[in-house]
Amino acid sequence: MKKKENLRDVLGITQEELAMLLSITRTQLAMYETNKRDIPLTSKEKLADILTTLHKNKSISKYSNSIIETEKKKVSEWLQKEFKDLEYKVVLLDRKIEKVMQVRKNAFKAFEVVQYLESKNAKPHEQSLAKTIKKRVEKTLNKQNLQHLHELELKKENLEMLKLIIEKKLKI
């Protein structure tokens, strides 16, 4: 069940401010809000005038408009900065992805060299070289594995989606 809206919520002011506006004490207002006491007729008339004026004048005040416009400008500037930052991060991720792909490509080429060395009657130093290359390539592929590549691609996709969202907000 929805809580009953009180005068302070309607007016957006504190109990102390409303009491001062109505020329009564805060205690009197508190008692009025809890239906324990009535407020003077002059206060009721002033309250009625305020509420009637606010009800008729549903437009946003010049103060509110000014604040809203300033906030919109700040948000737009912030979104533009975020968009630029995201563009930069996407470029960096593209480079990382390309590097990982190139490292993996080179590693698989190196495996072909290992296979060549293992397939022929290799001399002892060639067999040792094949083992060394194989260990290095396995270590490289362990570090630059397919999961790592997919993680980078997912990060890039997330950033691109965020860029689209920000771009949409900037057009509004």
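The model shown is predicted, which means the values in this text are computed figures rather than measured ones. Keep in mind that the numbers below use all heavy atoms, side chains included, and drop hydrogens, waters and symmetry copies.
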Handout entry: Side-chain heavy atoms of R136 within contact of T132, under 4.5 Å
Key = no
Practice task
Please round to the nearest 0.5 Å and tell me the distance separating atom NE2 of H150 and atom CG of N145.
Solution key: 9.5 Å
Exercise for the section: Return yes if a side-chain donor-acceptor contact under 3.5 Å exists between S66 and E69, otherwise no. Expected result: no
Practice task
Look at the side-chain heavy atoms of Ile, Leu, Val, Met, Phe, Trp and Tyr, link any pair under 4.5 Å apart, and say whether M31 and L22 land in one connected group.
Solution key: no
Problem - Test side chain to side chain contact (heavy atoms under 4.5 Å, CB included) applied to K109 and V113, step by step - result: CA-CA 7 Å; K109 286 180 186 177; V113 172; over 6 Å; no
Practice task
State whether the side chain of T53 and the backbone N or O of D49 hold a donor-acceptor pair below 3.5 Å, judged by distance alone.
Solution key: yes
Practice task
Let me see the working for E151 and Q147 under side chain to side chain donor-acceptor pair (under 3.5 Å), right down to the final yes or no.
Solution key: CA-CA 6 Å; E151 287 170 358; Q147 179 181 339; 3.0 Å; yes
Exercise for the section: With rounding to the nearest 0.5 Å, note down the distance linking CZ in R104 to CG in L149. Expected result: 6.5 Å
Handout entry: V137 versus A110, closest heavy-atom pair with distance
Key = CG2-CB, 3.4 Å
Practice task
Answer yes or no: are there more than 12 heavy-atom neighbours, outside Q115 itself, under 6.0 Å from its atom CD?
Solution key: no
Handout entry: Non-hydrogen side-chain atoms of Q127 and L117 separated by less than 4.5 Å
Key = no
Completion exercise
Rounded to the nearest 0.5 Å, the CZ atom of F83 sits from the CD1 atom of I166 at a distance of 8.0 Å
Problem - Check: T14 main-chain N/O paired with E17 side-chain donor or acceptor under 3.5 Å - result: yes
Problem - Cluster overlap I39 with M20, hydrophobic side-chain contacts below 4.5 Å - result: no
Problem - Transitive ILVMFWY side-chain link L86 to L92, under 4.5 Å - result: no
Handout entry: Residue pair E126 / K123, side-chain heavy-atom distance below 4.5 Å
Key = yes
Handout entry: Separation of L51 CG from H55 NE2 (nearest 0.5 Å)
Key = 10.0 Å
Handout entry: Hphob cluster co-occupancy, I165 + W78, side-chain heavy atoms under 4.5 angstrom
Key = no
Practice task
State the NZ-CD distance between K96 and Q144, to the nearest 0.5 angstrom.
Solution key: 10.5 Å
Exercise for the section: Answer yes or no: is there an ion pair linking R8 with E33, defined by an N-O contact shorter than 4.0 Å? Expected result: yes
Problem - E118 and V114, any side-chain heavy atoms less than 4.5 Å apart - result: yes
Handout entry: salt_bridge(K81, D85) N-O dist < 4.0 Å
Key = yes
Exercise for the section: Answer whether the closest heavy-atom distance between the side chains of E153 and L93 falls below 4.5 Å. Expected result: no
Exercise for the section: To the nearest 0.5 angstrom, please state how far the CD1 atom of I97 sits from the CG atom of L152. Expected result: 5.5 Å
Exercise for the section: Tell me whether V90 is reachable from L164 by hopping between hydrophobic residues (I, L, V, M, F, W, Y) whose side-chain heavy atoms are closer than 4.5 Å. Expected result: no
Completion exercise
When L29, L7, T27 are each screened for side chain to side chain contact (heavy atoms under 4.5 Å, CB included) with Q15, the one that passes is L29
Exercise for the section: Flag this pair as yes if the NZ/CZ of K134 is under 6.0 angstrom from the six-membered ring centre of F111 and inside a 45 degree cone about the axis; otherwise no. Expected result: no
Exercise for the section: Decide yes or no for R95 and V91: does some side-chain heavy atom of the first lie under 4.5 Å from some side-chain heavy atom of the second? Expected result: yes
Handout entry: Taking every non-hydrogen atom, the tightest pair across K46 and L21
Key = NZ-O, 2.9 Å
Problem - Step-by-step side chain to side chain contact (heavy atoms under 4.5 Å, CB included) determination, E77 to K73 - result: CA-CA 6 Å; E77 290 169 356; K73 186 178 177 185; 3.4 Å; yes
Handout entry: Contact check, side chains of L54 and L11, non-hydrogen atoms, under 4.5 Å
Key = yes
Problem - Side chain to side chain, K143 and H148, heavy atoms closer than 4.5 Å - result: no
Practice task
Could you go through the side chain to side chain contact (heavy atoms under 4.5 Å, CB included) check for K56 and T52 one step at a time?
Solution key: CA-CA 6 Å; K56 285 180 185 175; T52 303; 3.8 Å; yes
Practice task
Check the pair S76, L170 against side chain to side chain contact (heavy atoms under 4.5 Å, CB included), reporting the backbone distance first and the verdict last.
Solution key: CA-CA 6 Å; S76 178; L170 283 169; 4.0 Å; yes
Handout entry: Q28 side chain vs T25 backbone, donor-acceptor pair below 3.5 Å
Key = yes
